[in-house]
Number of protein chains: 2
Amino acid sequence: MNGKVSTTRTKLERGRSALGPALELVHTGRAPTRAVLTSELGVTRATAGAVAAELEALGLIRVDSRPGSAAGSQGRPSHRLSVRESGPVAIAAQVHADGFRAALVGLGGRLVATAPGCVTVTADPAQVIGEVVDDCARLLRDSGLRCVGAGLAVPSAVAEPEGTALNPLHIAWPAGAPVSEIFADCVREAGIPGPAFTGNDVNLAALAEHRHGAGRGAQHLLCVATGHRGVGGALVLDGRLHTGSSGLALEVGHLTVNPEGRPCHCGGRGCLDVETDPLAFLVAARREPGPEESLLKQAGDLLRTEYEDAAVRGAAEELIDRLGLGLAGLVNILNPDRIILGGLHRALLDADPERLRAVVADRSLWGRSGSVPILPCTLDHNSLVGAAELAWQPVLDDPLAALA
Amino acid sequence: MNGKVSTTRTKLERGRSALGPALELVHTGRAPTRAVLTSELGVTRATAGAVAAELEALGLIRVDSRPGSAAGSQGRPSHRLSVRESGPVAIAAQVHADGFRAALVGLGGRLVATAPGCVTVTADPAQVIGEVVDDCARLLRDSGLRCVGAGLAVPSAVAEPEGTALNPLHIAWPAGAPVSEIFADCVREAGIPGPAFTGNDVNLAALAEHRHGAGRGAQHLLCVATGHRGVGGALVLDGRLHTGSSGLALEVGHLTVNPEGRPCHCGGRGCLDVETDPLAFLVAARREPGPEESLLKQAGDLLRTEYEDAAVRGAAEELIDRLGLGLAGLVNILNPDRIILGGLHRALLDADPERLRAVVADRSLWGRSGSVPILPCTLDHNSLVGAAELAWQPVLDDPLAALA
DNA sequence: GCGGTTTGTTTAGTTGCGGCACAAATTCAG
DNA sequence: CTGAATTTGTGCCGCAACTAAACAAACCGC
């Protein structure tokens, strides 16, 4: 019983350990100058200088030492740090009910190029993913930029480590489709370099909002959003996506928010999923629901343009109350320091922010948590940017190893 | 706009960075020999040797190099590592509805000495905490051992960073009592060296079970338990207690588990809190509840001795179904890889494990998560040991700095 | 007793980073 | 315009934590 099977795990991850944290600070915009980088990293100026120079040599950031660029306080102005414009990019792809989309995303969440790809999503994941990866490969070729990897956002929980989509029901894919493997295969066949990752769209949206949007600075960020059908949730803890032990955390759709509510396929009734999605809103407002892939737009337009209508307003208030109950339950369990809402939930927050905040405060037990800020998502294409974050992550963790 | 206010955060925490992880491995029993320590740390044998020697020099562990102690496989037998018997201890105290308790706890969660202190808890937190700290100080004096700090477990959520007890209702303390400050003051006045910490009892029980009990090896450990009244929850993520942004996470008592259930003071009805605690069990079994501070014992005895009684069994099955619904909700949100149950919930699991597992599997959406193991707590005095873990934590994080 | 195996120990680098001293670039006071 | 004050960048030294490699020690089976 001496020792273990593995002989002597060599530790080659030694290269300048502050490199990753430094890049992350520049990436998230928290280190605009070298002086700030120095204090944020908690190292000496000499070390921060060496780190910044190395990141510049890797082609990731730009160190602007020309004087006169910054003014305001006294003392020697610090060198400005910024993401390099023509630096490497990550491939980002997203599949949703009303089509798919491809993009190239640089450091800092900068959209370098996008391809709309407004094609109807078919029931065959391999075909859809193949098409979107083709779009990605074309974008990359046209740009001539270096690529660090690829990320895909899908509207379904993704089980880890298998990488299977467990409930892609609203896009008519078979449950359990091995989307992660399909995407990785397509990426490899298309000649796109670097690793490939797949994640749930709301998770990735939350990640993007945390780094570049309304979630910046939050330590316990809760994100809840609706697409066309169903509700998704995500939690970002200390800058890392919390996906649970097998990728299935924050499946918040089946919290009970209305004991007398309509039955849900999960076996319960009055679940958040069926009580606060666009379909529920349209039904409550007594409107005829249109095609499934445009429910979000229909509900959102209705909410914005006819809020004076009694039926619309009543439906909105009902949904706000239900959503508030669900958020309060999540606050009691997760105790986040910020909540951001997307999709129709964002529109509901915009319609009557005070009502939603009041319900959450009333039903989350402690006043302190009750006062948790609730904000709308601010980023365009946040799932897409989040998919790119997945691909950037290895570089952020260890730039030297990832770019070797 | 150059730099920040803070000048140059000095980084004096440099002393042998592998020291903390190494001590944690010995503390949790995951490094029985120096060879295992070497592979677990991922360092060379030389480094592991130096680290072990330094921990021994600090008086924390024992390195047993006498040959012949270990046999079984071929090759030179490795030196055995163990917690030092007469090493330093942490002070542990617990307040609960039926009294308080004091103890000294060594590394490895070893109870060195305990004082029962079976006194009725009064409505004055300062008085109760003062008495229990006196017991602690007496234990420490009598033992003659070195002390690294003190920890207190209370049956209430503790808000951070204020350290106030938010809902110590079942022990008749005022809501918002500054228990953390009271405890720290008492500890200082009693001449007990080291820092003082306060935490929720279920949180601390979960921490102790994770390191020394049924939760060992779990990466996402969920713990749910009932005392005499109400339900508490805790989550241990990657070895660290997850208490949310202000210490109020895992307040799981107000998940809806019975839409037609009895009203709860939170404003809802059918909450886990009022549907699955000992009082609910006694009422469902049509028994007369005894005094509040012995409800757990009364319910547990009833469950164990009269399970054949139809009313008792019916009540148990009803509570199991409600508990299962609550656990399923938590599984959907947190996706733990292990669940452990304490108090009456533990007894309910023992009574009919299959029924509980079936309900959780049925109502947690994905089969994979549905098969999450559900186990009973195994440690005696787990809250007490957990309180000591709080006090040990600085030593585990940086032994050199904490013992300086 | 002898090879094979696993572990402990010693020695000699390697390196990331703190500490320090000094140079550079700006503001502010006069 | 000049000089002091302030803040930042840079070069150099040294420490301390670690790796790598070679060797010694303690067990096994034959």
Side-chain angles (χ1 to χ4, degrees), chain A residues 1-22 31-54 56 63-81 398-400, chain B residues 1-22 31-56 63-81 398-401:
Chain A
M1 295 279 275
N2 293 331
K4 288 178 59 174
V5 182
S6 67
T7 49
T8 35
R9 207 192 317 167
T10 39
K11 206 178 187 181
L12 287 176
E13 346 93 30
R14 298 273 284 132
R16 217 173 276 279
S17 71
L19 221 54
T33 67
R34 234 188 67 176
V36 176
L37 181 69
T38 302
S39 66
E40 286 291 311
L41 287 178
V43 297
T44 59
R45 290 197 298 270
T47 304
V51 165
E54 195 160 352
E56 188 175 34
V63 181
D64 189 355
S65 53
R66 73 164 192 280
S69 56
S73 74
Q74 58 179 358
R76 176 176 175 174
S78 186
H79 293 184
R80 300 202 69 80
L81 303 179
D398 188 342
L400 272 181
Chain B
M1 296 275 273
N2 292 330
K4 289 179 57 172
V5 182
S6 66
T7 49
T8 35
R9 206 191 318 169
T10 38
K11 205 179 186 180
L12 287 176
E13 346 94 27
R14 295 274 285 132
R16 216 174 274 281
S17 72
L19 222 54
T33 68
R34 233 188 67 177
V36 176
L37 180 69
T38 302
S39 66
E40 286 291 312
L41 286 178
V43 298
T44 59
R45 291 196 296 271
T47 305
V51 165
E54 194 159 353
L55 288 177
E56 189 175 33
V63 181
D64 189 356
S65 55
R66 71 162 193 282
S69 56
S73 74
Q74 58 179 1
R76 174 175 177 176
S78 186
H79 293 182
R80 300 201 69 79
L81 303 178
D398 189 340
L400 272 181

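All values derive from a computational prediction rather than experimental measurement.
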(message) As a test of reading the structure: which of dC18(D), dA26(D), dA23(C) is closest to the side chain of Arg76(A), going by heavy atoms?
(response) dA23(C)
Would you say a side-chain N or O of [X] is under 4.0 Å from OP1 or OP2 of [N]?
X        : N       : result
Ser17(B) : dC18(D) : yes
Thr38(A) : dT8(D)  : no
Arg34(A) : dG9(D)  : yes
Thr44(A) : dG18(C) : yes
Ser78(B) : dG8(C)  : yes

Tell me the interatomic distance from [X], atom [atom1], to [N], atom [atom2], rounded to whole angstroms.
X         : N       : atom1 : atom2 : result
Glu56(A)  : dG9(D)  : CD    : C1'   : 14 Å
Leu37(B)  : dC18(D) : CG    : P     : 12 Å
Leu81(A)  : dT8(D)  : CG    : P     : 13 Å
Leu41(A)  : dG18(C) : CG    : C1'   : 14 Å
His79(A)  : dT8(D)  : NE2   : P     : 12 Å
Leu400(A) : dT15(C) : CG    : C1'   : 13 Å
Gln74(A)  : dT27(C) : CD    : C1'   : 6 Å
Arg45(B)  : dT5(C)  : CZ    : P     : 15 Å

(request) State the OG-CG distance between Ser17(A) and Leu400(A), to the nearest 0.5 angstrom. (result) 11.0 Å
(request) State, to 0.1 Å, how close Ala48(A) and Thr38(A) come at their nearest heavy-atom pair, and which atoms those are. (result) CB-OG1, 3.2 Å
(message) Give me the atom names and distance for the closest heavy-atom approach of Thr33(B) to Arg80(B).
(response) CG2-NH1, 4.1 Å
(request) Taking the side chain as every heavy atom from C-beta outward, state whether Val63(B) and Leu81(B) have any pair of such atoms under 4.5 Å apart. (result) yes
(request) Check for a donor-acceptor pair, side chain of Ser78(A) on one end and backbone N or O of Arg34(A) on the other, with a separation under 3.5 Å. (result) yes
(request) Assign Ala46(B) to base, sugar-phosphate, or nothing according to its heavy-atom contacts below 4.0 angstrom with the strands shown. (result) base
